[in-house]
Amino acid sequence: MAQRLSQAQFRAIFSRPCSLTEFDLPQWEQLLRILRGADMLGAFYYFLKTNELLPIVPDFFQAHLHSAKRYSDRQVQQIKTETDYLCQTLQTINCQPTFLKGAAYVLDKTSNHEGRVMTDIDILVYKDDLALVETTLKRYGWVEKKLDDYDQQYYRKWAHELPPFNHPERGVTLDIHHTIIPPISGIEIPERLLFGTTKHTESGKTTLSDPMMVIHCIIHLFYNEDYEKSFRDIFDIHLLLTDYEEKYQLTSICQLADELGFSKEIYYACALTDAIFKTQRVKNLTGQSARYTHVTTTNFFIKNIILPAIMPHHDLINTPWNNFARTIMFLRGHYLKMPLKVLVPHIWVKFNRALVMLVMGPHHYEK
């Protein structure tokens, strides 16, 4: 019977890549299935390339890696083309979008853009420009996703973005943000910090500043309720921090996090990358983030809840504790995004609507 790949062995790959030389064929097969489920095959190709380990990979695994690489490389080219179209469209109203997440990583050529699989393009615009941006996009062929009245209200009253748009001819999905965290959470990011420190890439497009880009990636993980593919997110954070450390120190990120109120999240990120990738980031933290180093409850939560929750959600590596940890993070994510007086009615409404659609059909609420 083949030995099952353990979580410790999986994590060791990313801190001690040479451990792959000890893998037998069944373990390589398990690793392939786990990485595919985590949408990390393309990223893993570049990880192996960076560590000069591609020659040791079995032939059957090589074929999947090269296929994932080609698919990701094609997406990178598509992102460059689509961002050109978007900029040209929004130039008609003198609006320069700030690109976020995957598109920003591609445009800024950060290490984590290599091998990425992206489902949409995210842009940030001033809240006062939302209505005009929406009208302009519709005029140029973009179509807003059909939502019922309740979900429309959710996006427009509580969320940090408009309902998703797609372009039927080009098959692209677009998310239009006016900030980087839902306003219903009670957290307000000053526009001067979002837009006042943006930077231009080599292609002339706009992204968040380096520290804000890192913090946005960290917020996206730790204020999220979906931890199905969060190992990819912590890998993103690790690579972004590595890029950042090569140019700066963590001090400016810590200062910005203190100003925004995300000091604990910076500590979470550094503690997790230390645990998984064997970095030495926690000792370099400054300001409020450094204070969590000796907080027993925080470190217990990281070790026993967040770390199990971010492991790949796959039957080959999953345990009941991983599922429990993801449930805790699911509830926590909703709680952070909404005050209880809004969250409880929201859950009740969604439960009732799901029940009605189960009985009446999925299109019952469509107009």
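Just so it is clear, the values below take in all heavy atoms, side chains as well, and ignore hydrogens, waters and symmetry mates.
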Q.
One pair to check against side-chain contact (heavy atoms from CB on, under 4.5 Å): L48 and I56. What are the steps and the verdict?
A. CA-CA 9 Å; L48 293 171; I56 74 165; over 6 Å; no

Q. At what distance, to the nearest 0.5 angstrom, does CD1 of I219 lie from CE of M212?
A. 7.5 Å

Q: Check whether any side-chain heavy atom of I266 sits under 4.5 Å from a side-chain heavy atom of F222, and report yes or no.
A: no

Q.
Evaluate M329 against I306 for side-chain contact (heavy atoms from CB on, under 4.5 Å), listing each step before the verdict.
A. CA-CA 7 Å; M329 297 305 287; I306 307 181; 4.0 Å; yes

**Q.** Any donor-acceptor N or O pair under 3.5 Å, side chains E144, N166
**A.** no

Q. Would L20 end up clustered with L41 when hydrophobic side chains under 4.5 Å apart are linked, directly or stepwise?
A. yes

Q. CG of D315 to CD of Q30: how many Å apart, nearest 0.5 Å?
A. 12.0 Å

Q: Identify the two heavy atoms, one from S185 and one from P182, that lie closest to each other, and give their separation to 0.1 Å.
A: OG-O, 2.6 Å

Q. Near K138 NZ, under 6.0 Å, is it more than 12 heavy atoms from other residues, nucleotides or ligands?
A. yes

Q) If only atom types and distance count, is the side chain of Q75 paired as donor or acceptor with the main-chain N or O of M118 below 3.5 Å? A) yes

**Q.** More than 12 heavy atoms of other groups within 6.0 Å of E22 CD
**A.** yes

Q) Would you find a donor on one side and an acceptor on the other, under 3.5 Å apart, between the side chain of T81 and the backbone of Q77? A) yes

(Q) Checking T242 against R281: is there a side-chain donor and acceptor pair closer than 3.5 Å? (A) yes

Q. Does the pair E259/R192 count as a salt bridge with the N-to-O cut at 4.0 Å?
A. yes

Q.
Would you say CD of E188 has more than 12 non-hydrogen atoms from neighbouring residues, nucleotides or ligands within 6.0 angstrom?
A. no

Q) CD1/I305 to OG1/T327 distance, rounded to the nearest 0.5 angstrom? A) 10.0 Å

Q: Verify whether the ring centers belonging to F262 and Y223 lie closer than 6.0 Å.
A: yes

Q.
Is there a salt bridge (charged side-chain N to carboxylate O under 4.0 Å, His left out) between E191 and K127? Walk through the geometry before answering.
A. CA-CA 9 Å; E191 286 190 342; K127 188 175 183 178; over 6 Å; no

Q.
Looking only at side-chain N and O atoms, does R326 offer a donor or acceptor that is under 3.5 Å from a partner on N318?
A. yes

Q.
Test of understanding: with ring-ring contact (aromatic ring centres under 6.0 Å, His included), list the residues that count as partners of F14, not counting sequence neighbours.
A. F10, F47, F231, F235

Q) If you look at every heavy atom in I79 and A103, which pair is closest and at what distance? A) CG2-CA, 4.0 Å

Q. Around Q249, counting heavy atoms of other residues, nucleotides and ligands shown, do more than 12 lie under 6.0 Å from its CD?
A. no

Q. For N304, does its backbone N or O pair with a side-chain atom of W321 as donor and acceptor, under 3.5 Å?
A. yes

Q: For the residue pair H314 and R33, confirm or rule out a side-chain donor-acceptor distance under 3.5 Å.
A: no

Q | Considering all heavy atoms, the nearest F23-L31 contact | A | CE2-CD2, 4.2 Å

Q: Look only at the side chain of S289 and the backbone of S263, and say whether a donor-acceptor pair between them is shorter than 3.5 Å.
A: yes

Q | Residues which pass side chain to side chain contact (heavy atoms under 4.5 Å, CB included) with T201, listed by chain and number, not counting sequence neighbours | A | L107, D108, S203, K205, T207

**Q.** Rounded distance (nearest 0.5 Å) linking atom CD of E161 with atom CG of D175
**A.** 5.0 Å

Q: Step by step, work out the side-chain contact (heavy atoms from CB on, under 4.5 Å) result for L174 and H167.
A: CA-CA 8 Å; L174 175 67; H167 200 288; over 6 Å; no

Q.
Whether D236 and R116 form a salt bridge (side-chain N of Lys/Arg under 4.0 Å from carboxylate O of Asp/Glu) is what I want to check.
A. yes

Q | Under 3.5 Å side-chain donor-acceptor pair for D233 and S230 | A | no

Q | Straight-line distance of E265 CD to I218 CD1, nearest 0.5 Å | A | 9.0 Å

Q.
Whether the side chain of S72 engages the backbone of G115 through a donor-acceptor N/O pair (distance < 3.5 Å, no angle test) should be reported.
A. yes

Q | Main-chain N/O of L331 paired with H334 side-chain donor or acceptor, under 3.5 Å | A | no

(Q) Measuring only between side-chain heavy atoms, which start at C-beta, is L239 closer than 4.5 Å to D243? (A) no

Q) Do side-chain atoms of K278 reach the backbone of A275 as a donor and acceptor pair under 3.5 angstrom? A) yes

Q) So which heavy atom on P308 is nearest to which on K303, and how close? A) CD-O, 3.4 Å

(Q) If you count heavy atoms of other groups shown closer than 6.0 angstrom to CG of D226, is the number above 12? (A) yes

Q) Do you see a donor-acceptor pair shorter than 3.5 Å between the side chains of D274 and T279? A) yes

Q. Distance only, no hydrogens: is a donor on one side chain within 3.5 Å (strictly under) of an acceptor on the other, for H313 and E228?
A. yes

(Q) Less than 6.0 angstrom separating the ring centers of Y227 and F330, yes or no? (A) no

Q) Any donor and acceptor pair, going by atom type alone, linking the side chain of S67 with main-chain N or O of A63 inside 3.5 Å? A) no

Q. Do you know the tightest heavy-atom contact between D258 and G287?
A. OD2-CA, 3.6 Å

Q: May I ask whether V125 and L132 are part of the same hydrophobic cluster, defined by side-chain heavy atoms of I, L, V, M, F, W, Y residues being less than 4.5 angstrom apart, directly or through others?
A: yes

Q. Between D73 and K69, is there a side-chain N and carboxylate O pair less than 4.0 Å apart?
A. yes

Q. Hey, are the side chains of Y268 and F301 touching, using non-hydrogen atoms and a 4.5 Å cut-off?
A. yes

Q.
According to a hydrophobic-cluster definition based on side-chain heavy atoms being under 4.5 Å apart (Ile, Leu, Val, Met, Phe, Trp, Tyr only), do Y85 and I123 belong together?
A. no

(Q) Let me confirm one number: the CG-CD1 distance from L137 to I176, rounded to the nearest 0.5 Å. (A) 5.0 Å

(Q) Side-chain heavy atoms nearer than 4.5 Å, only ILVMFWY residues, links allowed to pass through others: does that put I93 and L130 together? (A) yes

(Q) What I'd like to find out is whether the side chain of D210 reaches to under 4.5 Å of the side chain of K199, using heavy atoms alone. (A) yes

Q) After noting the C-alpha distance and the side-chain angles of L65 and L32, does the key distance pass the side-chain contact (heavy atoms from CB on, under 4.5 Å) rule? A) CA-CA 9 Å; L65 285 177; L32 172 64; over 6 Å; no

Q: State, to 0.1 Å, how close I317 and N322 come at their nearest heavy-atom pair, and which atoms those are.
A: O-OD1, 3.9 Å

Q) Under a 4.5 Å cut-off applied to non-hydrogen side-chain atoms, are T293 and L285 in contact? A) no

Q: Answer with yes or no whether the side chains of D122 and H177 bring together a donor and an acceptor at under 3.5 Å.
A: yes

Q) Do L124 and F195 come within less than 4.5 Å of each other through their side chains, counting heavy atoms only? A) yes

Q: Using a cut-off of 6.0 Å, state whether more than 12 heavy atoms not belonging to Y71 lie near its atom OH.
A: no

**Q.** N/O donor-acceptor pair under 3.5 Å between Q62 side chain and L54 backbone
**A.** yes

Q) Which residue, Y45, Y46, F44, F61, forms the ring pair (Phe, Tyr, Trp, His ring centres under 6.0 Å) with H66? A) Y45

**Q.** Single-linkage hydrophobic cluster, 4.5 Å side-chain cutoff, F99 and V117 together
**A.** no

